[in-house]
2 protein chains.
Amino acid sequence: MIFSSELIKGTLKTIILKLLAENKRMYGYEITQVVKELTKDKVQLTEGALYPTLHALEAEGLLTTETEYIGKRVRKYYSLSKSGKTKSKEKVNEFADFISTMQFLLDIKTKPI
Amino acid sequence: MIFSSELIKGTLKTIILKLLAENKRMYGYEITQVVKELTKDKVQLTEGALYPTLHALEAEGLLTTETEYIGKRVRKYYSLSKSGKTKSKEKVNEFADFISTMQFLLDIKTKPI
DNA sequence: CCTAATACATAAGATATTTATGTATTAGAA
DNA sequence: TTCTAATACATAAATATCTTATGTATTAGG
């Protein structure tokens with residue numbers, strides 16, 4: 001089962017920022033693979049969505065980049081800037097709050113951890 | 001605080017279907033008000049998003065309508081069809097699963113109910 | 001009497017995503 | 001050794017969806 005894309009909409013930036021908060025630096029393709037693994041294939045980021053978003057976050061000053069070559073193949077690493085770290089926490093907190101609100105609204109019970 | 005619209009994206013259909021599963025019939029304006037109250041103003045549905053979505057759900061055969069007049073003012077009640085009831089459960093279940101996945105991915109802890 | 005709330009609806013513009021396409025390198029199977 | 005799949009980036013057209021604006025009309029209440 002893969003989540004309908006409409007569900008994932010709006011969470012992409014949050015996912016990217018959170019992963020970068022935990023991993024110091026990651027490159028685009030790596031992000032797609034890590035998300036795929038962590039979600040057991042339920043969340044599949046498409047390149048057409050990912051790369052433009054990474055560029056947008058960089059343009060906002062939330063991410064910085066370093067380009068490296070693995071052999072002749074280029075790899076572009078992204079890291080959080082200072083404002084990116086702040087933004088990451090904000091986004092995750094907002095999403096956590098959103099989850100609580102939606103759980104209440106949709107009367108969803110979750111198992112305690 | 002109001003949730004950024006990008007977060008709410010993709011949840012509108014689920015919210016509508018769930019509310020109708022619990023209330024038998026509701027009209028558009030009522031849905032906006034109930035959601036506003038239940039979420040303490042954090043989720044504010046706009047008419048420009050709501051009405052086209054209601055029409056779309058009706059066109060999909062998930063909702064049926066009855067028009068009534070309150071005085072001279074028209075009111076359009078929506079109810080779940082049989083397939084709408086099934087869809088409502090599916091959507092809520094999918095969303096619950098999505099929440100679990102995202103909580104894990106974003107390392108969000110929730111308080112047990 | 002006038003404003004805010006109720007109640008519907010649609011359309012233009014903005015935004016974001018999917019799908020498709022493109023380039024190029026490298027690992028590994030046949 | 002040759003071909004395919006995976007790695008790794010990127011962009012653009014088409015699509016979907018939402019916001020914002022606008023429109024009509026009724027009704028409650030100050």
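Letters A, B, ... mirror the listed sequences (proteins, then strands); counts begin at 1.
- Contact annotation: B:Tyr27 does not reach the phosphate of C:dC8 (side-chain N/O to OP1 or OP2, under 4.0 Å).
- No side-chain donor-acceptor contact under 3.5 Å links B:Thr11 to the backbone of B:Leu7.
- Considering every non-hydrogen atom in both A:Ile108 and B:Ala96, the closest pair reads CG2-CB, 3.8 Å.
- The nearest pair of heavy atoms linking B:Val43 to A:Thr101 is CG2-CG2, 4.3 Å.
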Under 3.5 Å, which donor-acceptor pairs link side chains of residues 66-74 of chain A to any protein atom two or more places apart or in another chain?
unit_1: A:Glu66; atom_1: OE2; unit_2: A:Arg25; atom_2: NH1; d: 3.4
unit_1: A:Glu68; atom_1: OE2; unit_2: A:Arg25; atom_2: NH1; d: 2.8
unit_1: A:Glu68; atom_1: OE2; unit_2: A:Arg25; atom_2: NH2; d: 3.1

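- A:Thr65 has its side chain out of reach of A:Tyr77: every pair of non-hydrogen atoms, C-beta onward, lies at least 4.5 Å apart.
- Checking C:dA7, C:dA9, D:dA8 against every side-chain atom of B:Tyr78, the shortest atom distance belongs to C:dA9.
- In this structure, B:Leu50 atom CG and C:dA9 atom P are separated by 9 Å, rounded to whole Å.
- Checked against side chain to side chain donor-acceptor pair (under 3.5 Å), A:Lys76 has no partners two or more places apart in sequence or in another chain.
- Between B:Tyr51 and C:dT10 there is no side-chain polar atom (N or O) within less than 4.0 angstrom of OP1 or OP2.
- For the pair B:Glu30 (side chain) and B:Tyr27 (backbone), a donor-acceptor distance under 3.5 Å is present.
- Remark: A:Pro52, A:His55 in residues 52-69 of chain A come within less than 4.0 Å of DNA chain D through at least one heavy atom.
- For the side chain to side chain donor-acceptor pair (under 3.5 Å) condition, the pairs that include at least one residue of residues 15-24 of chain B, sequence neighbours left out, are B:Lys18-B:Glu22.
- The ring pair (Phe, Tyr, Trp, His ring centres under 6.0 Å) check on A:Tyr51 picks up nothing, with sequence neighbours excluded.
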Could you go over nucleotides 27-30 of chain D and give all protein N or O partners under 3.5 Å, atom names and distances?
unit_1: D:dT27; atom_1: OP1; unit_2: B:Lys72; atom_2: N; d: 2.6
unit_1: D:dT27; atom_1: O4'; unit_2: B:Arg73; atom_2: NH2; d: 2.8

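- Other residues sharing a hydrophobic cluster with A:Ile2 under the 4.5 Å side-chain heavy-atom criterion for ILVMFWY residues do not exist; the residue is a singleton.
- Of the residues in residues 32-48 of chain A, those with a non-hydrogen atom less than 4.0 angstrom from any atom of DNA chain D are A:Glu47, A:Gly48.
- Sorted by first then second residue, the salt bridge (Lys or Arg N to Asp or Glu O under 4.0 Å) pairs that include residues 47-60 of chain A, not counting sequence neighbours, are A:Lys13-A:Glu60.
- Taking the side-chain contact (heavy atoms from CB on, under 4.5 Å) definition, one finds that A:Asn93 meets it with nothing, sequence neighbours left out.
- Contacts between residues 1-22 of chain B and DNA chain D, defined by a heavy-atom separation under 4.0 Å, are made by B:Ser5, B:Lys9, B:Gly10.
- Residue pairs meeting the side chain to side chain donor-acceptor pair (under 3.5 Å) criterion with at least one member in residues 80-92 of chain B, sequence neighbours excluded: A:Glu6-B:Lys91, B:Ser81-B:Ser83.
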